[in-house]
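Start at 1 and go down the list; that is how both ligands and their atoms are numbered. For this chain, numbers begin at 1 and follow the sequence in order.
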Amino acid sequence: MTAKMDVTALMEWFDREKRDFPWSRDKTPYRVWISEIMLQQTVASTVIPYFERWCRDYPGIKDLREASIEEVLSHWEGLGYYSRSRNIHKAAQYLMENCGGELPQTYGELRKVPGIGDYTARAVLSIAYGKPYPVLDANVRRILQRLEAKTDWQKADDVRALEYLSGIIPAGRPGDFNEAMMQFGQQVCTTGSPLCDKCPVQGNCLAFKKGIAAEIPAKKVKKIKMSEKTVLLFHSDGKILLRKKKKGLFHDMWMLPTVEEDSCQRMERINNEWSILHTRLLTQRNHFYTENKDTLSPCLITSDEIDLSHMTPGDDENYEHKWVEISELDRYPCPSVYRKILDELIEGLKEIQ
Ligand code: SF4
């Protein structure tokens, strides 16, 4: 590898500038594991309140094992990428049954735990157990790529990078070194325009010398799939109809029935089928997830029918439906955009009453 990281300068910078996060204070394997999973795909400032609430309500693996999946998903609500929390929940069962309720101390055993991949195993081993395993996340990759002024980066470069990092990770401070690299990537060698004038390793940086730091890594154009959906808020007898996905993305999360058709057309159909008191359109919202953007048009449909059974679409292998008291809605985990729709609905109904 042609990159040359000045480890001494980096560690001096870290000792001076490191941020005090809740997960940096008491680095137990459990806290390191939870924080590292939360920090994947999510920025630290967003994670802080989630992490604190999580550790308060589930201080250890045993507490987590005893929680229901719905409770765990509720604790994750708003963080996105919900499979992370489902895996943590599965992992808690696995750890209680196979590892005496502790996180294993070897790479091979850690990789058997549901949801623990190469990155998380390395983070736990270095930060919690003090073992010399370097991590390679997007921050570390970007720093090395810039030190080398390498405009493209392939899978083979990851292997090269890990070999290089294994050779320079300080034996006495492996966890600090990994945290230093990550924080350096978040604070100085940032995506977009890095703060090269504040950089302690500028002297070794080829991208800086060539004046191309901001162009590395090259931006990837993401193809976003766009959809327009009408969200149906069926409201009757103080209850709202929720729909839970049984599999795939968002499974075990409660959402609202949606249809991919024009809301006016849909309203005409509902008007013919139901005894409708009134309908109202709520604020249109965008739902971004993985490589999708759904434009959601929520439509409140209030009926005075007390017998709700015939109004409930049949459950099938994909969905389960449930009429839920409005006062109970917050007990059902749902993606944050649906929570916003439900909150707006509750506020609107208060005004009507
Ligand atoms: Fe990153 Fe700039 Fe430092 Fe190079 S000089 S490592 S691009 S911050």
Contacting atoms of ligand 1, where contact means under 4.0 angstrom from a heavy atom of [X]:
X	answer
A213	7 (S)
C189	1 (Fe), 6 (S), 7 (S), 8 (S)
C205	4 (Fe), 5 (S), 6 (S), 7 (S)
F208	5 (S)

Under 2.8 Å from atom 2 (Fe) of ligand 1, can any N, O or S atom of C196 be found?
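C196 does place an N, O or S atom closer than 2.8 Å to atom 2 (Fe) of ligand 1.
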
If the cut-off is 2.8 Å, does any N/O/S atom of C199 fall short of it from atom 3 (Fe) of ligand 1?
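Yes - counting backbone and side chain alike, C199 has an N, O or S atom under 2.8 Å.
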
Hey, are R111 and Y107 close enough side-chain-wise for a donor-acceptor pair under 3.5 Å?
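Their side chains do contain a donor-acceptor pair, which is all the 3.5 Å distance test asks for.
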
Salt-bridge criterion met for E179 and K27 (N-O under 4.0 Å)
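The answer is yes: the pair qualifies as a salt bridge.
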
Does the pair E66/K62 count as a salt bridge with the N-to-O cut at 4.0 Å?
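Yes.
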
Taking the six-membered ring for Trp, are F250 and Y82 parallel (under 30°), tilted (30 to 60°) or perpendicular (over 60°)?
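Rings of F250 and Y82: tilted, as their planes differ by 30° to 60°.
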
R331 vs E71, salt bridge (charged side-chain N to carboxylate O under 4.0 Å, His left out): CA-CA, chis, key distance, verdict:
CA-CA 8 Å; R331 293 178 46 196; E71 285 164 358; over 6 Å; no

